[in-house]
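These notes concern the structure reproduced below.
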Amino acid sequence: MFLPCPLSLSPMSKKVRVRFAPSPTGGLHLGGVRTVLYNYLFARQNGGDFVLRIEDTDQSRFVPGAEEYIFTCLDWCGLHPDEDPHKGGPYGPYRQSERKSLYRQYAEQLVKSGHAYYAFDRPEELDSMRERFKTPNNPSPQYDHNVRMEMRNSCSLTLEEAETLLEDGVPHVIRIRMPENETVTFTDMIRGEVSFHTGLVDDKVLLKADGMPTYHLAVVVDDYLMKITHAFRGEEWLPSAPVHLLLWKYLGWGSSMPQWAHLPLILKPDGNGKLSKRDGDRLGFPVFAMNWTDPRSQELTKGFREIGFLPEAFVNLLAMLGWNDGTDQEIFTLEELISRFSMDRVHKGGAKFDFEKAKWFNHEWIKRSEIARLKPDVKKVLENKGVPVNNEAVLEKVIGLVKERCTLLTDFYEQSKFFFEAPAELDVDSVKPKWTNEKKVLFESFVAALKSPNGHASFEKWAAPELETGFKKLATDEGIKPGEVMMPLRVMLVGGKYGPGVFEIMETIGKEETVRRIEFAIHQFIK
RNA sequence: GCCGCGUUCGUCUAAGGGCUAGGACACCACCCUUUCACGGUGGUGAUACGGGUUCGAAUCCCGUACGCGGUACCA
């Protein structure tokens, strides 16, 4: 453990710790889950910890139920945190609203060291500043070194003035004082070296008037306090990275700053831009991991879980959106992903989300999954649709028979309901035109033979191959080509032109039910 | 506007100086199947553009275009 490490200055004993830090304001987006996944894979692969931290610093955006929803999503995906607000951990609390008292001291430390200042500007004053400095060439003026001295803050005011305002309890924020002319550079795990000119970045608010930190202060403080070693987040954070880098430095924690990785965005399938919930609604596919009902509007947004995705497939397809292991393999278990994942094979460019491919992943997973794995989910699908499932052995047999034709778990309803209840309606139109009295006679003798197999050796044993032999022989004996009556038989049993082999179906539903359905159907086909 | 990040078949991507630019989804055709699927075989289809560097560039450099992200007391 204490071997010299000549190639690296960072101690090898430093345990990998990563975090996912969502703000609980609604459903969990695809991209969010992928960020969780990459964090999780990286942590597991390195024997590290995966922390879930709730970033609820904006109280005006509080949405009841959103936090619980996140827990459930991660749970469904099988991406379990090692530390979170529920189970706690050595670095709690894990909800930023409960850490409120922590942040102020760091903000003030920055004020003392000259890297931040108090600002007393009221919202109207900020608006008017933006109005005043707005030009065609600068449509959105920033609060930066250019205007700093024209605003009401502890840089422009005298010490006495500022102190008076503070003592009088005038509402104020603390802003970082961005240097006017420096270059901040860091190495992103995905993008390599990235640099920024500090003079172009605004004086971000660190501590809000209500005493809550903004994201900028909170990430840095919490990542430090929680000993985070690698920080992965969406690409949309890249522009504010220089603020975070400087904060780590100014707070005196530079040597323990995590390594950053800014993940590429997940884009909408048509056109460009970040994939949003709206796109899903518009194009007819889910964007959230699970159903989400907005508590205010009661609007329901569909999720991958409810639409019939297996979590294994969901995780698999998310992993492949921006990463691959360099081989042609596309289907990975979580375990495989943990061993193969590597941050340096993560793409730089955003990926358009393709729902067709997503469904393909699910189909593959359904086909490859054991019947026992599928059983509880399929049972739930059928029960939700009111299909009576009273025989576990039959259910298992049915799953084996139909799983390769189910892309979504919900497809099991259409594909297997006729095993459990007689079809309510028959697709008579596909039989009627070619229906003849001879065929009717054939089915009548088929039923008779099934009822009393004497003389029909094939029907004594109730099994698909024998049933097929017997039925075809019977047809041939009656002078009818077997092919002519296969479709009618199928429609009688299934109700439509689909499903597994007809004789497999007969074998599964049993003699009584087979006879009942044929007898019922014969009358339906009469012209 | 400014700053940053990107750019290989329609989509996800492989190929990190030397290939007929490979795979997958989707699509098309055929085969299998007396249904629907599964499966099999084959096909259409891409290095944004312009300059360099090099014997040789999708790959390295520069520029252009385009796209995206950011530019809040939101994350």
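Letters go in sequence order (proteins before strands), and every chain restarts at 1.
Taking atom P on both nucleotides, B/G23 is separated from B/U7 by 23 Å, rounded to a whole Å. Using P as the reference atom, B/C27 and B/C36 are 16 Å apart when rounded to the nearest Å. Across the P atoms, B/G18 and B/G39 are found 36 Å apart, a figure rounded to whole Å. Remark: the separation of the P atoms in B/A21 and B/C49 is 16 Å, to the nearest Å. Using atom C1' as the reference point in both B/C12 and B/A26, the two lie 11 Å apart (nearest Å). A gap of 12 Å separates the P atoms of B/A48 and B/U11, to the nearest Å. For the P atoms, the distance from B/U64 to B/C3 is 12 Å, rounded to whole Å. Across B/G51 and B/A58, the matching P atoms stand 14 Å from one another, rounded to whole Å.
The nucleotide B/C9 finds no pairing partner, because no Watson-Crick or G-U wobble arrangement with both distances shorter than 3.5 Å includes it. Base pairing annotation: B/C38 forms no Watson-Crick or G-U wobble pair, as no partner gives both donor-acceptor distances under 3.5 Å. Shown here, B/C55 forms a base pair with B/G18; the pair counts as Watson-Crick or G-U wobble because both key distances fall under 3.5 Å. Nucleotide B/C74 has no partner under the Watson-Crick or G-U criteria, as no pair reaches both atom distances under 3.5 Å. When Watson-Crick and G-U wobble pairs are counted only if both distances are under 3.5 Å, B/A46 pairs with no nucleotide at all. With a 3.5 Å ceiling on both atom-pair distances, the Watson-Crick or G-U wobble partner of B/C68 is B/G4.
Rounded to whole Å, the distance from NZ on A/K348 to P on B/C5 is 11 Å. What separates NZ of A/K352 from P of B/A24 is a distance of 22 Å, to the nearest Å. Note: CE (A/M178) to C1' (B/C3) measures 12 Å, nearest angstrom. What separates NE2 of A/H347 from P of B/C5 is a distance of 18 Å, to the nearest Å. Rounded to whole Å, atom P of B/G4 lies 7 Å from atom CG of A/L200. Look at CG on A/L30: it is 14 Å from C1' on B/C12, rounded to the nearest Å. Distance A/W360 CH2 to B/C25 C1': 7 Å, rounded to the nearest Å. Rounded to whole Å, atom P of B/A14 lies 12 Å from atom CD of A/E330.
Using modelled atom types and a 3.5 Å distance limit, the side chains of A/R191 and A/H262 yield no donor-acceptor pair.
Side-chain N or O atoms of A/E336 include one that pairs as donor or acceptor with a backbone N or O of A/T333 at under 3.5 Å.
Side-chain contact between A/R104 and A/E108 is present, with at least one heavy-atom pair separated by less than 4.5 Å. Side-chain contact check for A/K208 versus A/D58: some heavy-atom pair is nearer than 4.5 Å.
Using a 4.0 Å heavy-atom criterion, one finds that A/V194 contacts the sugar-phosphate atoms exclusively. Using a 4.0 Å heavy-atom cutoff across all strands shown, A/H262 reaches no nucleic acid atom at all. As judged by a 4.0 angstrom heavy-atom cut-off over every strand, A/N324 is placed among residues touching the sugar-phosphate backbone only.
The salt bridge (Lys or Arg N to Asp or Glu O under 4.0 Å) check on A/E364 picks up A/K367, A/R368, with sequence neighbours excluded. Residues satisfying the side-chain hydrogen bond (donor to acceptor under 3.5 Å, both in side chains) criterion with A/K268, sequence neighbours excluded, are A/D279. The side-chain hydrogen bond (donor to acceptor under 3.5 Å, both in side chains) check on A/E414 picks up nothing, with sequence neighbours excluded. Take A/R19 and apply the salt bridge (Lys or Arg N to Asp or Glu O under 4.0 Å) test, not counting sequence neighbours, and it matches A/D223. The salt bridge (Lys or Arg N to Asp or Glu O under 4.0 Å) check on A/D354 picks up nothing, with sequence neighbours excluded. With sequence neighbours excluded, the residues satisfying salt bridge (Lys or Arg N to Asp or Glu O under 4.0 Å) with A/K397 are A/E507.
Residue whose closest nucleotide on RNA chain B sits further toward the 5' end, between A/E193 and A/N138: A/N138.
Within the structure, the ring-ring contact (aromatic ring centres under 6.0 Å, His included) test picks out the following pairs touching residues 400-434 of chain A (sequence neighbours left out): A/F418-A/Y498. Judged as a side-chain hydrogen bond (donor to acceptor under 3.5 Å, both in side chains), the pairs with a partner in residues 138-148 of chain A (not counting sequence neighbours) are, in order, A/D121-A/Y143, A/Y143-A/N153, A/R148-A/D203. The ring-ring contact (aromatic ring centres under 6.0 Å, His included) analysis of residues 188-225 of chain A, with sequence neighbours excluded, yields the pairs A/Y215-A/W237, A/Y215-A/H244, A/H216-A/H244, A/Y224-A/W253.
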Quiz item: Which letters describe nucleotides 33-43 of chain B, given B = protein heavy atom under 4.0 Å from base, S = only from sugar-phosphate, - = neither?
Solution: -BBBBSS----
Quiz prompt | B/S/- contact track for nucleotides 63-75 of chain B, protein heavy atom under 4.0 Å | solution = ----SSBSBSBBB
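Because its NZ or CZ atom is both nearer than 6.0 Å to the ring centre of A/W360 and within 45° of the ring axis, A/K357 counts as a cation-pi partner of that residue.
A glycosidic torsion no more than 90° from 0 defines the syn conformation, and B/C38 adopts it.
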Scan nucleotides 27-31 of chain B against the protein and return all N/O pairs shorter than 3.5 Å with their distances rounded to 0.1 Å.
none

